[in-house]
2 protein chains.
Amino acid sequence: MVTIRDIAKRAGVSVATVSRTLREPEAVRPAKRDAVNQAIEEMKYVPNAIAQQLRRPRHEAIIVIVPEIANPFFSEIVQSIENVAHELGYRVLIGETQGKQERLDYYAEMVTSRVADGLILLGSLLPSVVRATVKAGKPLPMPLVLACESYAGLNCPHVVIDNVAAAKLAVQHLIEVGRKKIATITGPMVNSLCADRLRGYHSAMVEAGLTPEAGWIVDGDFSIESGHSAMLRLLELESRPDAVFCANDEMAIGAQQAIQEKGLTIPGDMAIVGFDDLRFGAYASPPLTTIRQPTNELGETAMRMIDAMLHDKPLTEQSVVLAHQLIVRRSSGAQERLASNK
Amino acid sequence: MVTIRDIAKRAGVSVATVSRTLREPEAVRPAKRDAVNQAIEEMKYVPNAIAQQLRRPRHEAIIVIVPEIANPFFSEIVQSIENVAHELGYRVLIGETQGKQERLDYYAEMVTSRVADGLILLGSLLPSVVRATVKAGKPLPMPLVLACESYAGLNCPHVVIDNVAAAKLAVQHLIEVGRKKIATITGPMVNSLCADRLRGYHSAMVEAGLTPEAGWIVDGDFSIESGHSAMLRLLELESRPDAVFCANDEMAIGAQQAIQEKGLTIPGDMAIVGFDDLRFGAYASPPLTTIRQPTNELGETAMRMIDAMLHDKPLTEQSVVLAHQLIVRRSSGAQERLASNK
DNA sequence: CATATTTTTGTAAACGTTGCCAGAACGCAA
DNA sequence: TTGCGTTCTGGCAACGTTTACAAAAATATG
């Protein structure tokens with residue numbers, strides 16, 4: 001390995017001059033600067049980032065933690081984080097937990113051990129160190145921003161959407177297009193965000209004077225398969241619903257498949273609304289009505305927040321709530337209803 | 001920041017003893033060991049990974065570079081890399097290039113500058129340093145494994161599937177189920193793998209005595225949208241094909257959508273075969289016949305290869321070719337054909 | 001040309017670990 | 001108690017940078 005000392009020797013200068021040539025070239029006489037650059041070129045010197053980081057207080061690196069990289073919803077957020085990060089001069093390291101606390105803690109430790117400066121957390125798990133300090137009512141043990149989800153009692157900057165209101169909007173849409181027997185397929189209830197969406201469902205039903213029947217609330221785990229099997233359960237009910245609100249698009253896609261397998265039509269026999277606005281949803285058959293989460297803004301805002309924290313700029317907001325949006329496509333039967341009205 | 005020296009002072013021992021307590025606890029007397037551990041506990045000491053890495057030759061970290069994290073095909077491979085990596089004791093950092101040479105070089109430099117030990121490269125771009133050494137006929141400048149794609153003239157371990165044979169198999173399947181007017185939607189031709197798939201298409205056609213007409217070969221860019229627009233172009237042809245082989249599943253999904261928008265049926269009017277076996281393909285409507293790439297094995301093999309390189313174990317194979325598999329679902333009309341035969 | 005001022009350079013001390021080496025403490029036998 | 005072999009421990013030099021500070025060189029001023 002060629003070091004700064006080798007370059008210094010070759011160029012006939014001191015190591016300080018080499019370092020300066022790299023860090024602030026204006027501060028060194030052109031003649032020496034050229035000699036140094038030439039030596040660097042000749043010997044193919046690349047500064048050892050580890051050694052640099054040992055000296056420098058900050059590394060301009062952040063870690064983004066995702067439960068599952070293969071989930072397009074998360075990967076879209078990651079993508080927008082990446083874009084802003086590069087613009088701000090950070091490198092982004094992505095870590096995947098697959099729901100395992102152990103892996104999450106592993107990545108979190110990369111921050112305490114100074115490999116990265118801060119953490120953006122997607123998903124619902126918290127690093128144990130964070131949980132511990134929260135319990136003790138102490139300040140955060142590291143620069144941290146939560147995207148997607150927030151925690152009651154955790155005083156940590158976060159960027160979210162209003163899941164209660166969004167779910168409510170989805171269900172209200174089903175009600176507006178004339179459905180009354182509305183079921184819901186929920187996500188794993190350990191996520192507070194799933195509880196919120198269920199609350200939104202209830203709230204819309206109650207306000208419309210509708211009562212969810214027993215069996216209309218089935219739980220899935222966000223996977224296509226779970227949506228499929230949850231829907232099969234709904235279809236066997238004696239009082240079969242005529243619409244379903246799914247807590248994410250993947251389950252909605254699985255549900256649509258199940259409906260069509262049983263020879264029923266969408267939206268004729270069953271209207272569907274999903275959540276997330278996955279790319280694939282627009283190409284499902286029929287195209288999926290859904291709630292759009294602003295993945296771009298989520299990622300961008302999270303990145304800007306962590307940047308602010310790392311540079312001790314005051315955060316304008318501890319809690320940012322972004323706007324969601326109802327995307328109406330064919331699966332909810334809005335068109336059909338309009339047609340029959342005329 | 002609490003350092004090893006703080007712990008040494010608190011526990012009344014030397015820094016060496018603290019370090020040893022952490023590295024090889026058996027080598028230190030229980031009494032001191034306990035004192036040290038207690039101090040660590042009390043002061044919440046976490047070793048500075050950067051400093052450790054400066055001393056240690058190896059960091060047990062690898063970088064996986066992906067063109068696009070949101071592409072489920074890549075993210076599935078990443079997932080299996082992660083699994084094996086954790087088992088082997090590596091940490092995995094994921095970098096996304098979005099097709100930009102500059103970002104790729106950036107991550108590659110993390111290896112030359114010792115942040116990570118090696119690189120697994122998915123996709124078709126090569127780091128400039130690698131390209132340079134290859135041109136010059138020199139050995140690789142860093143431990144590197146290619147997954148998905150290999151390069152003529154680049155003597156680098158890689159794990160791939162036989163894209164020519166796989167594409168050929170897909171097209172032969174269409175021929176077997178009775179189609180003769182078979183078109184193809186290709187990926188971006190900068191990828192050698194797309195050229196391979198096109199070659200497989202040609203080869204199957206020629207062997208069956210079929211001649212692709214002008215206009216039957218349209219190019220896409222692997223996105224759903226491009227599959228959609230490519231299919232619209234195919235549908236406008238005077239001699240409309242009755243089957244299409246798409247170079248990946250996302251384009252196939254876009255293509256199916258376009259067909260149905262035009263009021264045509266799948267597989268009746270148009271049979272479709274995709275490539276990759278994305279999770280979503282099985283839930284498309286109709287479910288997509290496709291070529292399954294063994295994403296798990298791809299990732300696992302790549303990870304084991306880089307591990308071998310990093311530990312100077314001789315690689316059993318420089319070039320691993322994994323088996324592909326035809327997955328027959330409804331979109332290619334195999335069932336219908338069977339039915340009409342009986 | 002001497003002196004004062006500014007600019008450029010080099011020396012050396014960090015940064016937080018690890019691990020070699022020498023020496024201290026211990027255990028055991030005589 | 002002494003001597004000897006083992007086991008533990010501590011001091012200190014790395015690892016490759018950056019940067020404060022002092023020293024040297026260049027430039028300006030009279």
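Naming convention: chains lettered A, B, ... in sequence-line order (proteins, then strands); numbering from 1 in each chain.
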Nearest-Å distance, NE2 (A/His59) to P (C/dC15)? 15 Å
Report the distance from atom CZ of B/Arg58 to atom C1' of C/dT18, rounded to the nearest whole Å. 17 Å
Counting the atoms with a prime plus P, OP1 and OP2 as sugar-phosphate, which does A/Arg5 contact under 4.0 Å by heavy atoms, base, sugar-phosphate, or nothing? base
To the nearest Å, give me how far apart CG (B/Asn48) and C1' (C/dC15) are. 8 Å
Regarding A/Gln101 and A/Asp105, is there a side-chain donor-to-acceptor distance under 3.5 Å anywhere? yes
By a strict heavy-atom criterion of less than 4.0 Å, which residues belonging to residues 22-32 of chain B are in contact with DNA chain C? B/Arg23, B/Arg29
Look for any protein N or O under 3.5 Å of an N or O in nucleotides 22-24 of chain C and output each such pair with its distance, or none.
none

For A/Ser19, which contact category applies under a 4.0 Å heavy-atom criterion: base, sugar-phosphate, or nothing? base
Over all strands shown, is B/Arg20 touching base, sugar-phosphate only, or nothing at heavy-atom distances under 4.0 angstrom? base
Outermost DNA chain D nucleotides near chain A [under 4.0 Å, heavy atoms]: D/dG16 to D/dA26
Does any non-hydrogen side-chain atom of B/Glu317 lie less than 4.5 Å from one of B/Val159? no
Check whether any side-chain N or O of B/Gln52 sits under 4.0 Å from OP1 or OP2 of C/dT18, and answer yes or no. yes
Check: B/Ser192 main-chain N/O paired with B/Glu149 side-chain donor or acceptor under 3.5 Å: yes
Report yes or no: do B/Asp307 and B/Tyr90 form a side-chain donor-acceptor pair below 3.5 Å? yes
Is any side-chain N or O of A/Ser14 closer than 4.0 Å to OP1 or OP2 of C/dT11? no
On DNA chain C, compare the nucleotides closest to A/Thr17 and B/Ala51; which residue's is nearer the 5' end? A/Thr17
Rounded to whole Å, CD1 of A/Ile4 lies from P of C/dT11 at a distance of 14 Å
Touch check for B/Val15, heavy atoms < 4.0 angstrom, all strands: base, sugar-phosphate only, or nothing? base
Using whole Å, report how far CD1 of B/Ile7 lies from C1' of C/dT17. 14 Å
A/Ile50 CD1 to C/dT17 C1', in whole Å, measures 12 Å
